[in-house]
Structure formats: structure tokens, C-alpha cells
2 protein chains.
Amino acid sequence: MTSPATEEITHPPRDEIELGAVLHALSDPVRLRIVSALAGTGGERTCGSFDVPVTKSTCTHHFKVLREAGVIHQRQEGAARLNALRRDDLDARFPGLLATIFEAASAS
Amino acid sequence: MTSPATEEITHPPRDEIELGAVLHALSDPVRLRIVSALAGTGGERTCGSFDVPVTKSTCTHHFKVLREAGVIHQRQEGAARLNALRRDDLDARFPGLLATIFEAASAS
DNA sequence: GCTGTTGTACGATGAGTGTCGTACAGTACC
DNA sequence: GGTACTGTACGACACTCATCGTACAACAGC
């Protein structure tokens with residue numbers, strides 16, 4: 001095995017990313033916060049590096065939702081799991097969507 | 001009473017429209033379809049004039065979700081209820097969000 | 001009056017969701 | 001070896017949600 005406790009990390013291909021799933025994924029405040037922080041960073045960040053008011057289990061759940069919606073990409077690196085925003089894929093499929101939502105989120 | 005069967009139609013003021021609520025409202029395929037059709041029309045349309053694959057009860061539920069999220073405005077006109085997109089309010093609060101989502105939706 | 005149309009109200013129901021705690025599996029470091 | 005640390009897995013729970021059927025209220029037209 002290459003991974004610590006999971007079987008496989010699957011991501012939807014770019015063409016199968018659905019708008020409804022993306023909007024639903026970003027409609028949760030915790031997930032929007034995670035993605036906004038990820039966008040501000042630019043690169044990869046571990047799951048535990050986000051300041052969210054939930055437990056580890058809930059965090060795992062949210063990252064799974066984001067990954068299956070096609071919003072983030074996860075990759076195993078030793079014991080840590082590195083998360084990156086799939087900005088290229090999302091911009092190609094839904095141009096301008098991410099930027100508009102981030103701007104709206106920062107405008108609160 | 002001025003209305004047929006409901007007590008009052010309440011809408012959130014512009015400043016209280018929340019991004020999460022809007023994203024959640026638009027993440028449902030039925031509601032996204034309703035709002036897209038409404039955007040294509042431009043003016044007001046009755047609830048029954050939308051071609052959605054759900055019953056009247058479910059339709060009422062979806063219109064309520066859209067109204068309470070601040071996406072649409074509802075107004076009673078005789079026996080019919082007229083729906084209009086709150087484009088000005090949404091554009092003022094979240095600039096470009098509606099246009100981007102509609103473009104993404106049409107790109108399927 | 002009566003009938004049809006429009007839409008809501010009120011359950012009910014099955015599925016999904018966000019949350020948590022506990023237990024466990026890798027990895028890193030001493 | 002042992003001890004942290006990182007994150008998942010599983011079960012549980014309360015809550016929300018999308019859907020429906022039935023009943024009902026207001027209006028329009030005959």
C-alpha cells in the first residue's frame with residue numbers, strides 16, 4: 001500500500017465536473033472557507049493546516065465532498081494528504097466561476 | 001385578505017442575501033432550471049409556466065427556497081403568483097455571480 | 001350559483017447531510 | 001523499539017431536504 005488508511009483517492013475527470021455539485025460543495029460555510037484559504041495559498045496544503053471549527057472526522061468528510069465534486073485535488077505525501085485547488089480544470093469548464101464566487105465571499 | 005391562501009410573502013433585504021444560501025438554492029437542478037428560464041424571460045412569470053418535472057407542491061417548495069434565499073421576488077396578482085429574478089439586488093451584492101453561473105449552466 | 005385554474009398548507013416519507021466520538025492505520029521522529 | 005502526529009473508517013445521531021398526495025383557499029369565467 002502507498003496510502004496510510006484509505007484505499008484509493010479518486011477524482012472526477014474535468015469533463016464530468018457538474019455545476020450543481022460544485023455549487024453545492026461551495027454552499028457550506030466550512031467548505032467555502034477551506035476553498036477560499038486554498039485559493040489564497042496557491043499551492044498545496046495539508047488537511048490539518050486549515051483553521052476550521054470542526055473535528056478531524058468532519059474535516060475528512062468535507063474534503064471528500066470537495067474532492068468528489070471536482071473542486072480540489074488530493075495527493076498522498078507520506079503521512080500527510082496534500083490538497084490543491086483544481087483551478088485549471090474549473091476555469092476551463094466554468095470560466096470565471098471560481099473568481100466570481102471568491103470575490104462574492106470576500107465581499108461577505 | 002389580499003392573498004389567496006398564504007399569509008405574507010417575505011423577502012430578505014438586499015444586504016441580508018447570503019452567498020451560501022444563493023449557492024445552495026442554485027445547486028438544485030430544478031431550481032437552476034427555473035432561474036435560468038426566468039433570466040431568459042426578463043420579466044415576470046407565473047409559477048405554473050415553468051416546464052419542470054415535479055408536482056405543484058414541490059414547485060411551491062422550490063419557489064419558497066428561491067425567495068427566501070433572495071434569488072427571486074414573488075408578487076401576488078389575482079389568483080396567480082408572479083415571479084421575477086432579483087437581478088439588480090444580486091448584481092449589486094455579488095457582482096457577476098448570476099451571469100457566470102448562467103454561462104456555466106448553459107455550457108452544461 | 002357552479003366549475004376550472006392557480007397555488008398554498010399540511011402531513012408523510014425516504015434519502016441525504018453535518019456533526020461527533022472512538023478506533024485504527026500509516027508515517028515521522030526520538 | 002516506542003511515541004507522537006496525520007488522517008481515515010465506521011457507527012451514530014439529529015437535522016435538513018426533495019418529493020409526493022390530499023385538502024383547501026382565492027380568483028376567473030360560464
Side-chain angles (χ1 to χ4, degrees), chain A residues 1-11 18 20-35 37-38 44-69 71-84, chain B residues 1-11 18 20-35 37-38 44-69 71-84:
Chain A
M1 312 306 171
T2 62
S3 307
T6 188
E7 304 182 353
E8 279 191 39
I9 306 179
T10 59
H11 299 83
E18 291 186 20
V22 174
L23 294 181
H24 174 250
L26 297 180
S27 70
D28 184 273
V30 173
R31 289 194 291 263
L32 185 57
R33 189 162 161 178
I34 290 174
V35 175
L38 207 48
E44 295 176 313
R45 286 181 60 174
T46 63
C47 294
S49 70
F50 296 91
D51 181 29
V52 286
V54 292
T55 61
K56 288 190 302 176
S57 329
T58 306
C59 225
T60 297
H61 161 70
H62 285 310
F63 277 103
K64 185 181 179 186
V65 172
L66 287 171
R67 189 186 71 235
E68 293 182 345
V71 178
I72 65 169
H73 179 88
Q74 289 190 301
R75 162 175 90 81
Q76 202 70 29
E77 179 79 16
R81 180 164 290 198
L82 292 177
N83 303 278
Chain B
M1 312 304 171
T2 63
S3 306
T6 185
E7 305 182 355
E8 280 191 36
I9 308 180
T10 59
H11 299 83
E18 291 186 21
V22 174
L23 294 181
H24 174 252
L26 297 180
S27 70
D28 184 274
V30 173
R31 290 194 290 262
L32 186 56
R33 191 163 160 179
I34 289 174
V35 175
L38 208 48
E44 295 177 313
R45 287 181 59 174
T46 64
C47 293
S49 70
F50 295 91
D51 183 28
V52 287
V54 291
T55 62
K56 290 189 302 175
S57 328
T58 308
C59 224
T60 296
H61 162 69
H62 285 311
F63 277 103
K64 184 181 180 186
V65 172
L66 287 171
R67 189 187 72 235
E68 292 183 344
V71 178
I72 65 170
H73 179 88
Q74 290 189 301
R75 160 174 91 82
Q76 202 72 27
E77 179 80 15
R81 181 164 287 197
L82 292 177
N83 304 279

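Heavy-atom basis, side chains included; hydrogens, waters and symmetry copies ignored. Fair warning: this is a prediction, and the values are worked out from it, not measured in the lab. Convention: sequence-line order gives letters A, B, ...; per-chain numbering from 1.
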**Q** Any donor-acceptor pair under 3.5 Å between the side chain of B:S57 and the base of D:dG21?
**A** yes

**Q** Identify which nucleotide among C:dC20, C:dG26, D:dA26 has an atom closest to any side-chain atom of A:A79, counting heavy atoms from C-beta outward.
**A** C:dG26

**Q** Over how many whole Å does the gap from B:R45 atom CZ to C:dT6 atom C1' extend?
**A** 15 Å

**Q** Between A:E77 and A:S27, name the one whose nearest nucleotide on DNA chain C is closer to the 5' end.
**A** A:S27

**Q** Could you give the CD1-to-C1' distance, from A:I9 to D:dA9, as a whole number of Å?
**A** 14 Å

**Q** Report the distance from atom CD of B:E68 to atom P of C:dT8, rounded to the nearest whole Å.
**A** 12 Å

**Q** Could you give the CZ-to-P distance, from A:F63 to C:dT19, as a whole number of Å?
**A** 13 Å

**Q** Classify the side chain of B:T60 versus the base of C:dG7 as yes if they form a donor-acceptor pair under 3.5 Å and no if they do not.
**A** no

**Q** Whole Å only: how far is the CZ atom of B:R81 from the C1' atom of D:dC27?
**A** 14 Å

**Q** Between A:L66, A:V65, A:L38, which is the residue that forms a side chain to side chain contact (heavy atoms under 4.5 Å, CB included) with A:V71?
**A** A:L66

**Q** Aromatic rings B:H11 and B:H73: how do their planes relate, parallel, tilted or perpendicular, breaks at 30° and 60°?
**A** parallel

**Q** Looking only at side-chain N and O atoms, does B:T58 come under 4.0 Å of OP1 or OP2 in D:dC20?
**A** yes

**Q** Quick one: A:N83 CG to D:dT8 C1', roughly how many Å, whole number?
**A** 13 Å

**Q** Between D:dT19 and B:T55, is there an OP1 or OP2 to side-chain N/O distance shorter than 4.0 Å?
**A** no

**Q** Drop me the distance from B:I34's CD1 to B:N83's CG, to the nearest 0.5 angstrom.
**A** 8.0 Å

**Q** Quick check for you: among C:dT19, C:dG26, D:dG7, whose closest atom lies nearest to any side-chain atom of A:H61?
**A** C:dT19

**Q** How long is the line joining CD of A:E44 and P of D:dG7, in whole Å?
**A** 13 Å

**Q** Ring-plane angle category for B:H24 and A:H24, please: parallel below 30°, perpendicular beyond 60°, tilted otherwise.
**A** tilted

**Q** If we count only N and O atoms by modelled type, under 3.5 Å, do the side chains of B:T58 and B:T55 hold a donor and an acceptor together?
**A** yes

**Q** May I have the distance from A:R67 (atom CZ) to D:dT8 (atom P), rounded to whole angstrom?
**A** 8 Å

**Q** For A:A80 and A:H24, take the nucleotide of DNA chain C holding the closest heavy atom to each; which residue's nucleotide lies nearer the 5' end?
**A** A:H24

**Q** Picking from D:dT19, D:dT8, D:dG21, which would you name as closest to the side chain of A:Q74?
**A** D:dT8

